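To start, the structure itself, in structure tokens.
Computed from a predicted structure; not experimentally measured. All chains are named by letter (A, B, ...) in the order of the sequence lines, taking the proteins before the strands, and each is independently numbered beginning at 1.
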There are 2 protein chains.
Amino acid sequence: MIEDVELMKLKKELIEEMGVYFECQDMLSPLSSRIFGYLALAGDKGATFDEILEELQVSKSSLSTNLQLLQSMGRIGYYTKPGDRRRYFKASVDNMINRLDDKINSWKKERELHVKVLNYREKTLSADDKLTMKNRKDLSFNKHYIEFVDAMIENLCKLKNNLITVNQVQ
Amino acid sequence: MIEDVELMKLKKELIEEMGVYFECQDMLSPLSSRIFGYLALAGDKGATFDEILEELQVSKSSLSTNLQLLQSMGRIGYYTKPGDRRRYFKASVDNMINRLDDKINSWKKERELHVKVLNYREKTLSADDKLTMKNRKDLSFNKHYIEFVDAMIENLCKLKNNLITVNQVQ
DNA sequence: CGTTTAGTTCGGTAATTACCGAACTAAACA
DNA sequence: TGTTTAGTTCGGTAATTACCGAACTAAACG
């Protein structure tokens, strides 16, 4: 692969853009999210410790710590080649699916909380309160939201399984 | 509304549980997420500055700052009553829908990034590389993921409009 | 067995964030 | 017009987080 200057610039920009996204979206440290972004670009062959070091210009210790962090979260893994001591870190399809699982679980938690809130609100509203239009609307919104979250979870699971199937073909 | 001891304890627990959730999920400060949780429980009538102060036991300045933050994010609003200077802060249905919008936008960003990564990867892979099974599978996963995200976005939008409609009835 | 390679561990520091108290403002009340 | 109410603003501090360098380990190589 020939790395021309333009492509290298594009790479740096993409890593930074993904970095910001994962930082906010997945609550990763700045460095963790840039590593993850870099590995997303590196694709199937992954990248070695030194390659990441070179690209991101950070200390060995920070890189080591953040690679361990990402591995413990199930976001990356590594493989080795016989006769080569280096690890090839990569964000595999399995890791991507782990990330989906996290999203599914967070919707499940959101559902659980909504049920608890609805429950609490029904307990605390007096019989009179329940008859007012505002409150009836409010509670019905809550119920609809729970149904909505159910649909979301179902969809996520379906599409996750879809991705697994596609990946397993051959 | 009579606040018995048991119910108060349940309330505190729920606020804390939501607090932790929103902190991670929506990147809110600890206090912001607890305020939001409290207002979710308070429901349609909302809560005054002093009521929140009393419940969460924080300083006026912190409360003020975090209320402004939540308002600027579109996560809460307030209304006033004639002859009552106090603001009644609340997380209305509209605010909940704003939150959904944020989620939709983040999926859109995720889609955009995936397209960019796919683009980059196709550029950097040589013609030979593209023929290997691993890489073909890898790129096809990427394409499937984009389709998957499209489906997610469509679903979120549909269900958001659903919620808006339900809310507008009367 | 000494040296190189490929990381890891540990202690510390710089930067950021979250929160606080005190002083302040602006409206309303007496 | 002075006082209360309902917050806001500002400067500072405590806690957390992110990162770093230096010393270390464990495997492999010569």
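- No side-chain heavy atom of A:Phe89 sits less than 4.5 Å from a side-chain heavy atom of A:Leu70.
- Residues B:Glu122 and B:Lys143 are paired through a salt bridge, judged by an N-O separation under 4.0 Å between the basic side chain and the carboxylate.
- Contact of the A:Leu41 side chain with the A:Met18 side chain is registered, since non-hydrogen atoms from C-beta on lie closer than 4.5 Å.
- Between the side chain of A:Arg85 and the base of D:dA28, no donor-acceptor pair under 3.5 Å is found.
- Counting only N and O atoms by type, the side chains of B:Glu110 and B:Tyr145 include a donor and acceptor under 3.5 Å apart.
- Between A:Thr48 and B:Leu28, the one whose closest nucleotide on DNA chain C sits nearer the 5' end is A:Thr48.
- A salt bridge links B:Glu55 and B:Lys12; the closest N-O separation between the charged side-chain nitrogens and carboxylate oxygens is under 4.0 Å.
- Taking a 6.0 Å sphere around CD of B:Glu154, one finds it holds 12 or fewer heavy atoms contributed by other residues, nucleotides or ligands.
- Taking the side chain as every heavy atom from C-beta outward, A:Asp50 and A:Leu53 approach each other to under 4.5 Å.
- For residues 64-75 of chain A, the salt bridge (Lys or Arg N to Asp or Glu O under 4.0 Å) pairs, not counting sequence neighbours, are A:Asp26-A:Arg75.
- Residues satisfying the salt bridge (Lys or Arg N to Asp or Glu O under 4.0 Å) criterion with B:Glu17, sequence neighbours excluded, are A:Lys109, A:Lys116.
- On the nucleic acid side, DNA chain C has its first and last nucleotide under 4.0 Å of a heavy atom of chain B at C:dA18 to C:dA28, going 5' to 3'.
- Between the side chain of B:Ser62 and the backbone N or O of B:Val58, no donor-acceptor pair lies under 3.5 Å.
- For the pair A:Lys81 and A:Tyr88, the cation-pi test (distance below 6.0 Å, angle within 45°) is passed.
- Interface residues of residues 59-66 of chain A facing DNA chain C, ordered by number: A:Lys60, A:Ser61, A:Ser64; criterion, heavy-atom separation under 4.0 Å.
- Counting any heavy atom pair closer than 4.0 Å across all strands shown, B:Arg86 reaches sugar-phosphate atoms only and no base atom.
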Handout entry: Watson-Crick and G-U pairing of DNA chain C written in dot-bracket, each distance under 3.5 angstrom, with | for inter-strand partners
Key = ||||||||||||||||||||||||||||||
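- Toward the 5' end of DNA chain D, the nearer of the two residues A:Pro30 and B:Leu67, judged by each one's closest nucleotide, is B:Leu67.
- For the pair B:Asn95 (side chain) and B:Ser92 (backbone), a donor-acceptor distance under 3.5 Å is present.
- Annotation: proximity of residues 31-43 of chain A to DNA chain C (heavy atom, distance under 4.0 Å) is found for no residue.
- At distances below 3.5 Å, not a single donor-acceptor pair connects side-chain atoms of B:Asp138 with backbone N or O atoms of B:Lys134.
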